[in-house]
Amino acid sequence: MLSVPAEEVADVPRRYQVTARRDEMADTATFDLRPADGRPLRFAPGQFTMLSAFGHHEIPISISGEPGQPNLRHTVRAVGAASRALRNSREGATLWVRGPFGRGWRDRGWLERSAADTCPDVLIVTGGLGLAPLRPLVLELIAARDRYRHISLLVGARTPTDLLFASELEDWASAIDVRITVDAAGPDWRGRVGLVTSLLPKARFDPARTVAYLCGPEVMMRACIAALTDARVPPGRIRLSLERNMRCGVGLCGHCQLREFFLCTDGPVFAADQLTALLRIREL
């Protein structure tokens, strides 16, 4: 699945109604949104929308729902006034959606099209809220499980209470290899404590036939890229998602520019070989 064609992108915000709301953790909630005009939003896993509540500016939020469903799903963490207004929205509230925007996880000539990748290994590494943009891809992979050899999902969180989609992780573990670690935990935690990169040696994958997806704090993604390249996974087969300072979503304002790239249009998903050198420069 590639990016949604340009003619499908909404240039003006569309009105949506919150039909369901679920608290994920103290500062984070997931919303199901129904389009007021009844027209579902076509999107590809990894894309984002510009989302806003009345009286607040719009902000970029990755789509965490399943493609092809009539309702849209977003997972929002309150970190500022606009995101706090979204996170505090209740059922029946009206939100405004513009998009979808950006290149998704399977854009740029998906590697599975080559004969050598008819049954590849898939490695997904997430940290913090990084699982939200990857959730549509995970669901897509599970729905087509017989097309892949090993699928490993490695999840990192600050504490056990900060785990995103905890109940779904249990369900997914029946179809794919799910491994979880946290930075810190109390005595009741029976799982692993440590960085998410510590899970990489436990994952089953053949470096030559692996496609890896990374989403989370940039420091985590840099460490994962280094570990995967050390394991001989080609950088061109490593995908990562960047969402920095996006304001317009269409490459006009320049706030998200990273040297020659506009993250909102050239990304948010990139191959590691496009960005590895840039991510090493602290000023960028």
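Quick caveat: nothing in here was measured; it's all calculated off a predicted structure.
G251 approaches T265 most closely through the heavy-atom pair N-CG2, 3.6 Å. Across P136 and G65, no two heavy atoms sit closer than the pair CG-O, 3.0 Å. Closest heavy-atom contact between G249 and C264: C-SG, 3.6 Å. Smallest separation of non-hydrogen atoms from A271 and G236: CB-O, 4.2 Å. Pairing each heavy atom of A175 with each of I142, the nearest pair is CB-CG2, 4.0 Å. Of all heavy-atom pairs between V269 and G46, the closest is CG2-O, 4.3 Å.
Looking only at distances, no side-chain donor or acceptor of Q69 sits under 3.5 Å from a matching main-chain atom of N71. Counting only distance, with no hydrogens or angles, the side chain of R39 and the backbone of A36 share no donor-acceptor pair below 3.5 Å. With hydrogens and angles ignored, the 3.5 Å screen pairs a side-chain donor or acceptor of T181 with a backbone N or O of G194.
R73 and E66 are not joined by a salt bridge, as no carboxylate oxygen comes within less than 4.0 angstrom of a charged side-chain nitrogen. Using a cutoff of 4.0 Å between basic side-chain nitrogens and carboxylate oxygens, D177 and R204 are not scored as salt-bridged. The residues R87 and D23 are annotated as salt-bridged, a charged nitrogen and a carboxylate oxygen being separated by less than 4.0 angstrom.
Atoms CZ and CG, from R14 and L33 in turn, are 11.0 Å apart once rounded to the nearest 0.5 Å. Atom CG of L214 and atom CG of L228 lie 6.0 Å apart (nearest 0.5 Å). One distance of note links CE of M220 with OG1 of T197; it measures 9.0 Å at 0.5 Å rounding. Here CH2 of W96 is found 12.0 Å from CD of E58. Values are rounded to the nearest 0.5 Å. Within the model, atoms CD of Q274 and CD1 of I238 stand 12.5 Å from one another, a figure rounded to the nearest 0.5 Å. Once rounded to the nearest 0.5 Å, the distance linking OG1 of T30 with CE of M25 reads 8.5 Å.
Inter-residue side-chain proximity for F261 and L242 is flagged as unmet; no heavy-atom pair is nearer than 4.5 Å. Side chains of R34 and Y16 form no contact here, defined as non-hydrogen atoms less than 4.5 Å apart. Using a 4.5 Å cut-off on side-chain heavy atoms (C-beta onward), F31 and S89 make contact. Taking the side chain as every heavy atom from C-beta outward, V138 and I176 approach each other to under 4.5 Å. Contact of the T49 side chain with the I63 side chain is registered, since non-hydrogen atoms from C-beta on lie closer than 4.5 Å. L72 is listed as a side-chain neighbour of F43, based on a closest heavy-atom distance under 4.5 Å. You'll find the side chain of R21 reaches within 4.5 Å of the side chain of R90, heavy atoms only. Between D27 and V79 there is no side-chain heavy-atom pair separated by less than 4.5 Å.
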Side chains of residues 119-135: which donor-acceptor partners sit under 3.5 Å, not counting sequence neighbours?
residue: D121; atom: OD1; partner: R149; partner atom: NE; Å: 3.0
residue: D121; atom: OD1; partner: H150; partner atom: N; Å: 3.1
residue: D121; atom: OD2; partner: R149; partner atom: NH2; Å: 2.8
residue: D121; atom: OD2; partner: D206; partner atom: N; Å: 2.7
residue: R135; atom: NE; partner: E168; partner atom: OE1; Å: 3.1
residue: R135; atom: NE; partner: E168; partner atom: OE2; Å: 3.2
residue: R135; atom: NH1; partner: S64; partner atom: O; Å: 2.7
residue: R135; atom: NH2; partner: E168; partner atom: OE2; Å: 3.0

Is there a side chain to side chain donor-acceptor pair (under 3.5 Å) between S62 and E243? Walk through the geometry before answering.
CA-CA 9 Å; S62 295; E243 294 183 11; 2.3 Å; yes
Where do W105 and S241 land on the side chain to side chain contact (heavy atoms under 4.5 Å, CB included) test, with the steps shown first?
CA-CA 8 Å; W105 295 109; S241 181; 3.6 Å; yes
Worked check of side chain to side chain contact (heavy atoms under 4.5 Å, CB included) between R192 and R179:
CA-CA 9 Å; R192 178 180 288 271; R179 298 177 186 270; over 6 Å; no
Apply side chain to side chain contact (heavy atoms under 4.5 Å, CB included) to residues I59 and S83 and explain how you reach the verdict.
CA-CA 7 Å; I59 57 175; S83 57; 3.7 Å; yes
Walk me through whether F270 and L263 qualify under side chain to side chain contact (heavy atoms under 4.5 Å, CB included).
CA-CA 9 Å; F270 293 87; L263 302 187; 3.6 Å; yes
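Connection of I180 to V193 is established within a shared hydrophobic cluster, with ILVMFWY side chains joined at heavy-atom distances below 4.5 Å, either directly or through further cluster members. Linking ILVMFWY side-chain heavy atoms closer than 4.5 Å, directly or via other members, places L164 and V178 in a single hydrophobic cluster. When the side chains of ILVMFWY residues are joined at heavy-atom separations under 4.5 Å, either directly or via intervening members, L275 and F262 end up in two distinct hydrophobic clusters. Transitive grouping of hydrophobic side chains (ILVMFWY, heavy atoms separated by less than 4.5 Å) keeps L195 and L240 in distinct clusters.
Counted within 6.0 Å of CZ on R247, heavy atoms from surrounding residues, nucleotides or ligands total 12 or fewer; the atom is thus considered open. R232 CZ: 12 or fewer foreign heavy atoms inside a 6.0 Å radius.
For the residue pair R77 and T28, a side-chain donor N or O sits within less than 3.5 Å of a side-chain acceptor on the partner. A donor and an acceptor atom, one from each side chain of E24 and T75, are nowhere located under 3.5 Å apart.
Sorted by first then second residue, the ring-ring contact (aromatic ring centres under 6.0 Å, His included) pairs that include residues 53-73, not counting sequence neighbours, number zero.
Classification of the F101-F48 ring pair by plane angle, with boundaries at 30° and 60°, yields tilted.
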